[in-house]
Colleague: 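Let me give you the structure first, and then I'll get to my questions.
Sequential numbering from 1 along the given sequence is applied to the chain's residues.
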Amino acid sequence: MTASTQVYANTLAMNIKGRIDGERIVRIVEAKTVESAFKMLGDYGFAYTDGATVDGFIAEDTNRLIEFITDTVPNEKAAKALTARFWYNNVKLAYKSRFADVPSDGFYAVEGDAVKVARGDYSDCDKYLAAALEALDEAHETKPQAIDIALTRAMYKFVLSCGVSLIKKYFRAEIDMKNILTAARAKKLGKPELAEFLDGGTLKQKTLDEAMSADGCVGFAECFEKTPYAALTESIAEGFDFLGDFERSTDDYLFYMTDSAVAKIASFEPYLNFYTQTLIELKTVKTALVCIKTDSRDAFYARMPKIYVD
């Protein structure tokens, strides 16, 4: 990979990022119907075809993101790391399809044949994924949650093997925040034995264990005061009923982590910022469309990401 090809990829990404802002998302959520919201989103640059469902609309635009990453990221391992969440989603659904109904529109257009996985053929899988699937087979596992955690662990092992330091830093932060949320949920339930942590983050297991045994939500948050996530866990200090606020803030954290005042145009940082912003857009738009469909628009504003509020 040369610096010039990375600069080119970053330039393309920066030219199409940020299709919606706070003003536009308010217009979308206040649309009278889902169909009028779709047309508005089409004007803003999202993929739109007549007759789309909410899930179909999100899937189509996600597929455009996957195609863009595949076509523009000059490092093949890095491209696979950034699209891994979509491929692993397909694999989770395919594996579960052996014993349960799965949504037909839940699959993304990413390299790798999920039908093979459903048949027990793991030839399209990386070594981490293949090993996880074989272990699930040996255990005759059918519990969806157990399948999800096993394959998520494999995914993070894979993305951390990409060899690009900024991408590894990005996903380690994502792992850390998922582990904090796991610890908080286990503590809320009073069942620390239910906490199933992901490997590969920067937080020590000791810190997570201390948080789960700390005195209340305030004590829990204090355990992270000397970590990069001190500000994030302030919402948890207010009570475990605010875990939704923490979870939404993790997306904002990844966005701001990759949003430099001066773009490091020869590094992966601008591309990761575009990637994060696009994932936030898709999640936000889906929430908005569901709120329109269910006539619960007021509920949307409590869920609006910080990047659309500032």
Colleague: Distance from I292 atom CD1 to R297 atom CZ, nearest 0.5 Å?
Modeller: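 These two atoms lie 5.5 Å from each other.
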Colleague: Kindly determine whether Y170 and T276 satisfy side chain to side chain donor-acceptor pair (under 3.5 Å), including the steps that lead there.
Modeller: CA-CA 10 Å; Y170 179 95; T276 307; 2.8 Å; yes
Colleague: Using the side chain to side chain contact (heavy atoms under 4.5 Å, CB included) criterion, which residues pair with S165? Sequence neighbours excluded.
Modeller: none
Colleague: When you check the gap from the basic side-chain N to the acidic O, do K96 and D148 get nearer than 4.0 Å?
Modeller: yes
Colleague: Give me the one residue out of T207, D176, T227, N179 that meets side chain to side chain donor-acceptor pair (under 3.5 Å) with T202.
Modeller: D176
Colleague: CZ of R172 to CG of D199: how many Å apart, nearest 0.5 Å?
Modeller: 11.5 Å
Colleague: So does E76 have more than 12 non-hydrogen atoms from other groups sitting under 6.0 Å from CD?
Modeller: no
Colleague: Is it true that the side chains of T72 and Y271 contain a donor and an acceptor less than 3.5 Å apart?
Modeller: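 Short answer, yes.
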Colleague: Do Y156 and I149 sit in the same hydrophobic cluster, where Ile, Leu, Val, Met, Phe, Trp and Tyr count as joined when their side-chain heavy atoms come under 4.5 Å apart?
Modeller: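 Y156 clusters together with I149.
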Colleague: Apply side chain to side chain contact (heavy atoms under 4.5 Å, CB included) to the pair L272 and L82, showing each step before the final yes or no.
Modeller: CA-CA 9 Å; L272 283 172; L82 294 180; 3.8 Å; yes
Colleague: Salt bridge or not between D241 and K188? Use side-chain N to carboxylate O under 4.0 Å.
Modeller: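 Between K188 and D241 there is a salt bridge, with a charged N closer than 4.0 Å to a carboxylate O.
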Colleague: Side chain to side chain contact (heavy atoms under 4.5 Å, CB included) between L166 and F171: does it pass, once the steps are laid out?
Modeller: CA-CA 9 Å; L166 276 172; F171 282 109; over 6 Å; no
Colleague: Measure the spacing between CD of Q277 and CE of M14 and express it to the nearest 0.5 Å.
Modeller: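 One finds 11.0 Å between CD of Q277 and CE of M14.
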Colleague: Side chain to side chain contact (heavy atoms under 4.5 Å, CB included), that's the test. Do F107 and N89 meet it? Break it down for me.
Modeller: CA-CA 7 Å; F107 292 86; N89 167 81; 5.7 Å; no
Colleague: Would you please test E269 and N273 for side chain to side chain donor-acceptor pair (under 3.5 Å) and show each step?
Modeller: CA-CA 6 Å; E269 189 173 79; N273 189 250; over 6 Å; no
Colleague: Do R64 and D61 sit within salt-bridge range, that is, some charged N less than 4.0 Å from a carboxylate O?
Modeller: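 Yes, charged N to carboxylate O under 4.0 Å.
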Colleague: Tell me, with the steps shown, if K204 and D209 meet salt bridge (charged side-chain N to carboxylate O under 4.0 Å, His left out).
Modeller: CA-CA 9 Å; K204 295 180 179 179; D209 290 340; over 6 Å; no
Colleague: I'd like to know if the side chain of T53 and the backbone of G56 have a donor-acceptor N/O pair within less than 3.5 Å.
Modeller: yes
Colleague: Is there a side chain to side chain contact (heavy atoms under 4.5 Å, CB included) between E238 and C217 once you walk through the steps?
Modeller: CA-CA 7 Å; E238 297 175 14; C217 53; over 6 Å; no
Colleague: If you measure from CZ on F46 to CZ on R19, what distance do you get to the nearest 0.5 Å?
Modeller: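 Atom-to-atom, F46:CZ and R19:CZ are 4.0 Å apart.
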Colleague: Hydrophobic clustering (ILVMFWY, side-chain heavy atoms < 4.5 Å, transitive) - are F68 and Y8 grouped together?
Modeller: yes
Colleague: What about I16 and F268, same hydrophobic cluster or not, with Ile/Leu/Val/Met/Phe/Trp/Tyr joined at side-chain heavy-atom distances under 4.5 Å?
Modeller: yes
Colleague: State plainly whether the residues R85 and E174 are in salt-bridge range, i.e. N to O under 4.0 Å.
Modeller: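 Salt bridge between R85 and E174, a charged N being under 4.0 Å from a carboxylate O: yes.
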Colleague: Taking C-beta and beyond as the side chain, do V218 and E222 meet within less than 4.5 Å on heavy atoms?
Modeller: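 Heavy-atom side-chain distance check passes, below 4.5 Å.
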Colleague: Assess the side chains of S123 and D121: does a donor N or O sit below 3.5 Å from an acceptor N or O?
Modeller: yes
Colleague: Are any of the side-chain nitrogens in R248 or D251 under 4.0 Å away from the carboxylate oxygens of its partner?
Modeller: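 Judged by the 4.0 Å cut-off on N to carboxylate O distance, R248 and D251 do not form a salt bridge.
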Colleague: Is the shortest distance from a Lys or Arg side-chain nitrogen in E281 or K17 to a carboxylate oxygen in the other one below 4.0 Å?
Modeller: no
Colleague: Under the 3.5 angstrom rule, does the side chain of N10 hit a backbone N or O of I265 as a donor-acceptor pair?
Modeller: yes
Colleague: Between N90 and A114, is there a donor-acceptor pair closer than 3.5 Å when you use the side chain of the first and the backbone of the second?
Modeller: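 Not a single qualifying donor-acceptor pair exists.
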Colleague: Do other residues, nucleotides or ligands put more than 12 heavy atoms under 6.0 Å from N15 CG?
Modeller: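 Check passes, neighbour count above 12.
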Colleague: Could you see if L12 belongs to whatever hydrophobic cluster contains I69? Use Ile, Leu, Val, Met, Phe, Trp, Tyr and a side-chain cutoff under 4.5 Å.
Modeller: yes
Colleague: Take a 6.0 Å sphere around CD of E35 and say whether it holds more than 12 heavy atoms from other residues, nucleotides or ligands.
Modeller: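 Count over threshold, so yes.
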Colleague: Less than 4.0 angstrom from a charged side-chain N to a carboxylate O is my criterion; do R98 and D137 meet it?
Modeller: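 Counted as a salt bridge, because a side-chain N and a carboxylate O are separated by less than 4.0 Å.
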Colleague: Short question: side chain of K187, backbone of A214 - any donor-acceptor pair under 3.5 Å?
Modeller: yes
Colleague: Kindly assign one of parallel, tilted or perpendicular to the pair Y48 and F57, based on the angle between their ring planes and the thresholds 30° and 60°.
Modeller: tilted
Colleague: Give a yes-or-no answer on whether the side chains of T287 and T284 include a donor-acceptor pair shorter than 3.5 Å.
Modeller: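 Side-chain D/A pair, T287 to T284: absent.
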Colleague: State which residue, out of I180, L198, L203, V159, fulfils the side-chain contact (heavy atoms from CB on, under 4.5 Å) condition with I175.
Modeller: L198
Colleague: Using atom types as modelled and distance alone, determine if a side-chain donor or acceptor of R303 lies under 3.5 Å from a backbone N or O of G244.
Modeller: no
Colleague: Which residues pass the ring pair (Phe, Tyr, Trp, His ring centres under 6.0 Å) test with Y229, sequence neighbours left out?
Modeller: Y253
Colleague: Verify the neighbour count for atom NZ of K168: are there more than 12 heavy atoms of other residues, nucleotides or ligands below 6.0 Å?
Modeller: yes
Colleague: Hey, is CG on D101 packed in by over 12 heavy atoms from elsewhere, all under 6.0 Å?
Modeller: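 Atom CG in D101 is not packed in, count stays at 12 or less.
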Colleague: Looking at side-chain heavy atoms only, is the closest gap between E134 and Y122 below 4.5 Å?
Modeller: yes
Colleague: With a sphere of 6.0 Å drawn around NZ of K178, does it hold more than 12 non-hydrogen atoms of other residues, nucleotides or ligands?
Modeller: no
Colleague: Given 3.5 Å as the limit, does a donor-acceptor pair link the side chain of T33 with the main chain of S36, or not?
Modeller: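 Checked: pair present.
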Colleague: What distance separates E141 CD from F99 CZ, expressed to the nearest 0.5 Å?
Modeller: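 Answer for the CD-CZ pair, E141 versus F99, is 7.5 Å.
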Colleague: Working to the nearest 0.5 angstrom, can you tell me the gap between L93 CG and Y88 OH?
Modeller: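 Taking CG in L93 and OH in Y88, the distance rounds to 14.5 Å.
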Colleague: Taking everything shown except Q145 itself, do over 12 heavy atoms lie less than 6.0 Å from its CD?
Modeller: no
Colleague: Mind listing the closest non-hydrogen atom pair of L133 and C125 along with its distance?
Modeller: CD1-SG, 3.9 Å
Colleague: In terms of hydrophobic clustering (I, L, V, M, F, W, Y; side-chain heavy atoms under 4.5 Å; direct or indirect links), are V26 and V309 co-clustered?
Modeller: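 Same hydrophobic cluster.
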Colleague: Taking E247 first and then R185, would you say they form a salt bridge - that is, a charged N and a carboxylate O separated by under 4.0 Å?
Modeller: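 The answer is yes: the pair qualifies as a salt bridge.
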